[in-house]
Amino acid sequence: MAAINFGYTISKPRVIDLDRNNLRKSDEILREMPELQTCIGCGACTAICTAGNLTSFNFRKVHTLVRRGEYQGAYEEMNKCMLCGKCRLVCPRGINTRGVVMLIKRKLGDF
Amino acid sequence: MKKRIIVIGGGVAGMQTALRLAEQGLEPVIVEKEPELGGKLRGWHVLFPTFTPAEEVLTDLRRRVNESGIEALTSTEVVALTPRSVTLADGRVLTGDAVVLASGSTLFDASIKEEYGYGIYDNVFTSADVERMFNEGRVSKTDGTAPRRIAFLHCVGSRDEKVCQQHCSKVCCVTGVKQAIEMKRLFPEADVFNFYMDIRMFGPGYEEMYREAQQTYNIHFVRGRISEASPTIDGRVQIKAEDTLTGRPLRMSVDMLILLIGMRANDDNASLAGGPGLERARSGFMRPRNLFLGNIASNVDGIFYAGTVTAPKTIGESLNEATAAADAAARYVGA
Amino acid sequence: MKRRSWQEYQKEIADDHYYYARSCIRQNFFPGSEKAFIDILTNDLGKDLLDDPKHSSCTGIGYHSDIVPLETIMTVVARQFALMNEAGYENFVTSCITSFGIYTEILATWQEFPETEEKTRENLYKATGREFRKPANVAHTSDVMFHFRDEIARRAKHRLVNAVTGEPLKVVEHIGCHYAKIFPKSGIGGSEFPYVLAGMIESWGGEVVDYPERRHCCGFGFRNYLVQANRGYSIANSHKKLESMAPYKPDFIVANCPGCAMFLDKWQYAIAEMEGTTYGQNGHGIPVLTYEEMAGLVLGYDPWALGIQMHQVDVEPLLDKMGIDYDPAAKYLGRNGKYIGKPASAVVNCCPTDTIYDIRE
Amino acid sequence: MTFYAPFCLPFILGAAVMFLTLLCKWGHWLWELPRRDKMRLLRGLPTRKTLEAVGEVISESLLHRRIFRVNPLLGYMHMSLAFGWFLLIAVGWIETIAYLGFRYVPLQGHVFFKYFATGLEHKPVFDFLMDLLLLFVLSGVALAWGKRVWSRAMGLKRTTKHVLGDRIALSALWFIFPARLVAESTTCAIYGGGGFLTGSLGGWMAAHIGTMPLLTLESVAWWFYSSCLGLFFVALPFSRYMHIFTEIPLIFLRRYGIRSSEKESSYDHFQVEACSRCGICIDPCQLQSVLGINDVQSVYFLRDRRYHHLRLQVADNCLMCGRCAERCPVDIDLNTLRLNSRDTMHNVPDERRYGYFKGLDRSSGEGKVGYFAGCMTLLTPRTLSAMTTIFEAAGEEVWWADREGGVCCGRPLKLAGETDSARKMMKYNADLFRKHGITTLVTSCPICLKVFREDYDLPGIEVLHHSEYILRLIRAGRLTLEHGTTRYTYHDPCELGRGSGIYDEPRAVIEAVGDLLEPASTRENALCCGSSVANTAISDGQQVQIARSVAAELEATGADVIVTACPLCKKALGRGTRGEVRDLSEIVAASLK
């Protein structure tokens, strides 16, 4: 059946639907890096981030979305990171942020 | 003969403990390392949430201590203690029947967080500096002019693994809101921003004051931790944070950056604890015997705690604890 | 708790003598529905109702699309009231949810800001020479139908049950946003637990489906639909509702708002054509009725006379379930017996149009 | 005279398997070498390098000179086994010739000569010599047994945990020489002869054991000896003992200038299989000594890589501080091997990546001297302001590459294995440097320094660490400093010291402003601060633990101030001590007259 083009498409819902999202990868990531759960979302990592100041890359947002099972585009976003490690130096919760970047890329690389 | 109880520390907790002990007919002696009584409160301007002058509380406590004829050894440092004695830095040993440890806590040294530029750039201050400036009546930028934009940063030296301070210092949130209001009262034209991770308004009237700060004083609250500060060409301070609620990096230049410094455990807690075998929490503060039914008692009989020696506390809480600690000590010596 | 909380929101509904304000768009979308309302009220229930040809659009769509200014719409509304006064009525019933919202909002505005009412009186007088009194009672026509639900149930020829199994039909009810979301007190059951349609369904033997997105908007939203670039958002709302209700396998949807009945129906077609997804039990669409059509079927009206062939999704499976007789050959014959045209075959339709009698052949 | 007996079979088979496997492996590896490396090999053959390689083979593969430097007893143990065995073979060969003249003798004839030579007239010199050598080797075996029990005596706190294959080969090796002693002694007991060892033991046996049991024992002993040899030879190419033979071609190839790079190559096999798993790399590893992590050290990394079960957790968990490479007796390029393993595991080339670099230039100022603070330095503003002061004092016009935050130098990404993407950063920065026409590039970050020097193509631009630059300014008289009384201690950053060989300049600068106290581990042996960007596996808490241990050693010098020359080290040490930690530039700026 050829789909009809009405000149618009059904907007994708913005909702994070935890009933539908597959959290398997997210669980795997948290199992390997449990400290990621201690993030309090202060945003210091994102503020210091060079890539974040040059692009729309937002480390806090991307890893939070990944934890919620929203994997779409996370790999590409994480690829903006230069792994310089400033974020790790400012994280008040002592999260191994560089490790998080590599872990997420590794887990979501096949997406 | 009167039972003698040694109170280590002459801040609000120490003074209140001594007063309560004297009331009960015991003989307290205060040992204070500073040249005068008063502790941290001496540098403070007004107290949240009522804006009561700190001087008012301090003067009253000092007057009553004087009138009660309580013995106070100032400029005297304690190096060791047992339930029945304390050893002073000069080698003297004071003996008594019980000890109340009210030695308080230490303010976090903001220069350790180098990225905030305290001690490097002009116009970066700590909350303690601001209180002092208010007391001296000279609140201004370093060059003496009035600030037009002020930023407060919460949680400096609190909740920060990077400086090995995991605990929440509890009072800085409300201090930040209070100082923001004071600033706004003094400089109505100035824009005041508070950068926070969480705002913890736990006490009576605090949440109301927070609301007032937003509603009446138009103080801006940005949810994000400042990650670095750098000087601008005109001597201001540029700060960077993420506005986490919009998910975008934020930068701004301010005339004054005020760091709300937390409380940390005294360095000498470790050595004081060593002798009698007092337990300490991971944060370095003393650990009370029991957080519910014995929060002013230590794990050693005859040694009691009052005030911030066990954890960050407000002035009101310290005063209450002091009364409770004095009563417990009095019961212990059989008064 | 939920079953009873609607009772906190009750409103007064007049028992007789209604001044009837039609909807602009319903007469195009479901031309039989308003006729059915008048017939049911006057013929079946023996009530007095004036269908006044002089009244105009309330201009609500223009108002919500930022085209008609507030002062203008207030004057238009005042004129409707003046017409009602002139006709000797004081109970205003309106067929459209948006109109209902407009009347409620403007009456409330006049209440809060009397100077606006004064200004409106002045404007109306200047423009038309008319004066007006506010109605004693404003209700939506679904309120009136709700009011008489038990009486209708007593006269029912069919009930909302599966004629074969005797099981109650599962009905999704959808309330227009402007019915009670603006002023919860103006709707039966308020905005959270609206009961106006649910009451009818329960009285007539059906079972209300309480699904997670029950309160969500159908997506019409005026500017969201009227501007083509925004239609993706409009359809996404219906999509969300349909996704949410589908697991309950509803037998049909009933709505009390012109836009909702329209969009829950037509968007099923668009979704099926775009994505191939259908939500009905038979692999086609879920039939959508207006509450007048539902009442008409219950009272034994001829389905084609009610105009239910005008819906996008075929209603025949529902008619079969309820055990209602109908003449398939007469589906596309108008009231005058002339062929009215038919839609092209689509996935949501269960009855391929090719099998239906075509007068041209 | 026939040189065959049934018991020789295990030995013959074992030796055949071993030599065939060795030939296959080496042939394959050499064949797979990149063309460039093959050319290096061919060009190097007829040069002095070959002779130097022979010398190194003797001093390292036989004498184990480098292990002697670690611990003399350990060195003796390795030397007695390697050199002793070599001499046994060599002297044994001469012995055969002495007895039989120059004639063909099969391999087993040499090895089991004592067994076959019973009918010949004895030459006591050789009997004595061979027994002496056997004793030499046996002393090594005894030490090896002792090392299992008491490793500290040999300067090793921990020894390698071996895999099953290694254990089999090791057991076989341990029994080879005692078995040889018993076999030769029994033959001596029956036929007479033998030196002070085999002859004496044989005499004792002849006196105490009857002829029949002796004959049986002789057969059993030679069988056992031959089986031990055969088993060892079969296991050798597949166990750690592969190093015995692999180190030799490695030494030659290395002398010809062949190196491992950020991409895996066939040459890596020579390095990987040249590891003897001696375990010397375990003790210097701070992950082991401070954190008790004991499965990631170079010995285990090379083992896992060799047997193709290298896990990310092992490859990634390394500070790449280079302390182990500094001590490796085989001089394996451990950091580069780890790096190219990471490359294999993490590198995903992506052309579109970092498209946002295009047209980016956030630099400011103008001058022939460029200053690249480095990402981390932006978090140590004291260093920045000190550098500003120093530049001003020296009257230097400076182009600031990244004061507003720039593109990372690329080394952290490279160390994480994403080498292709790191190249994009390197190219961006190199272009930026060239565009602004600088002739000197100063950086405060040793991480940047190393990558600038090793991976950037910067013709006409001299790259300096700020310690070198400051020292130059001082020597040129452009900075006048006041010598104070403060006592400093200096922490060598890994990338600056072991990484770039800069040890003296920072020390000279410190001595220009105060007194320098050296910590216990210093220069090549300096500890790592623990926050290395090369490690993405350890947690924050573990980083602090390491920092505390390092800071404790620095504090133990009694210095007033800890000085370092790396922003990351400074941050890390600051967490480990309550004392003062300063960057080199800060103390210089504070001492300006």
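In this structure, OG1 in D/T536 is found 6.5 Å from CZ in A/R98, a value given to the nearest 0.5 Å. A/N96 contributes atom CG, which lies 8.0 Å from atom CG of D/N535 (distance to the nearest 0.5 angstrom). Once rounded to the nearest 0.5 Å, the distance linking OH of D/Y354 with CG of A/L54 reads 11.5 Å. The CG atom of A/L83 sits 9.5 Å away from atom NE2 of D/H346, with the distance rounded to the nearest 0.5 Å. Distance check, rounded to the nearest 0.5 Å: CZ of D/R353 to CG of A/N79 gives 3.5 Å.
Proximity to chain A among residues 538-545 of chain D is limited to D/I538, D/S539, D/D540, D/Q543, judged by heavy-atom separations below 4.5 angstrom.
Interface residue A/R88: only side-chain heavy atoms are found under 4.5 Å from chain D. For chain A, no part of D/R575 is nearby; none of its heavy atoms comes within less than 4.5 Å. For D/L360, the part sitting under 4.5 Å from any heavy atom of chain A is the side chain, from C-beta outward, and nothing else. Only the side chain of D/L378 comes within contact range of chain A, with at least one heavy atom under 4.5 Å from a heavy atom of that chain. Interface residue A/M82: backbone and side-chain heavy atoms are both found under 4.5 Å from chain D. With a 4.5 angstrom heavy-atom cutoff, D/L413 touches chain A via backbone and side-chain atoms both. Residue contact with chain A, scored on non-hydrogen atoms closer than 4.5 Å, is absent for D/A422. When heavy atoms are compared at a cutoff of 4.5 Å, A/C91 does not approach chain D at all. Neither the backbone nor the side chain of D/E404 comes within contact range of chain A, judged by heavy atoms closer than 4.5 Å. Only the side chain of A/I48 comes within less than 4.5 Å of a heavy atom of chain D; its backbone N, CA, C and O stay farther away.
Residue A/C84 comes nearest to D/M376 through the heavy atom pair O-CE, 2.9 Å, listed as atom of the first residue, atom of the second, then distance. D/R362 and A/N53 make their closest contact through NH2-O, 3.9 Å (heavy atoms, listed as atom of the first residue, atom of the second, distance).
Comment: D/E418 engages A/K105 in a salt bridge, judged by a side-chain N to carboxylate O separation of less than 4.0 angstrom.
Inter-residue side-chain proximity for D/V407 and A/T50 is flagged as unmet; no heavy-atom pair is nearer than 4.5 Å. For the pair A/K80/D/Y356, a side-chain contact is recorded, criterion being any heavy-atom separation below 4.5 Å from C-beta on.
Contacts of D/Y456 classified as ring-ring contact (aromatic ring centres under 6.0 Å, His included), with partners at least two apart in sequence or in another chain: D/F452.
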Exercise. Apply side-chain contact (heavy atoms from CB on, under 4.5 Å) to D/V348 and A/Y75, showing your working.
Key: CA-CA 12 Å; D/V348 182; A/Y75 178 84; 3.8 Å; yes

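Of all the listed residues (D/G410, D/C409, D/G406), the one sharing the greatest number of non-hydrogen pairs under 4.5 Å with chain A is D/G406.
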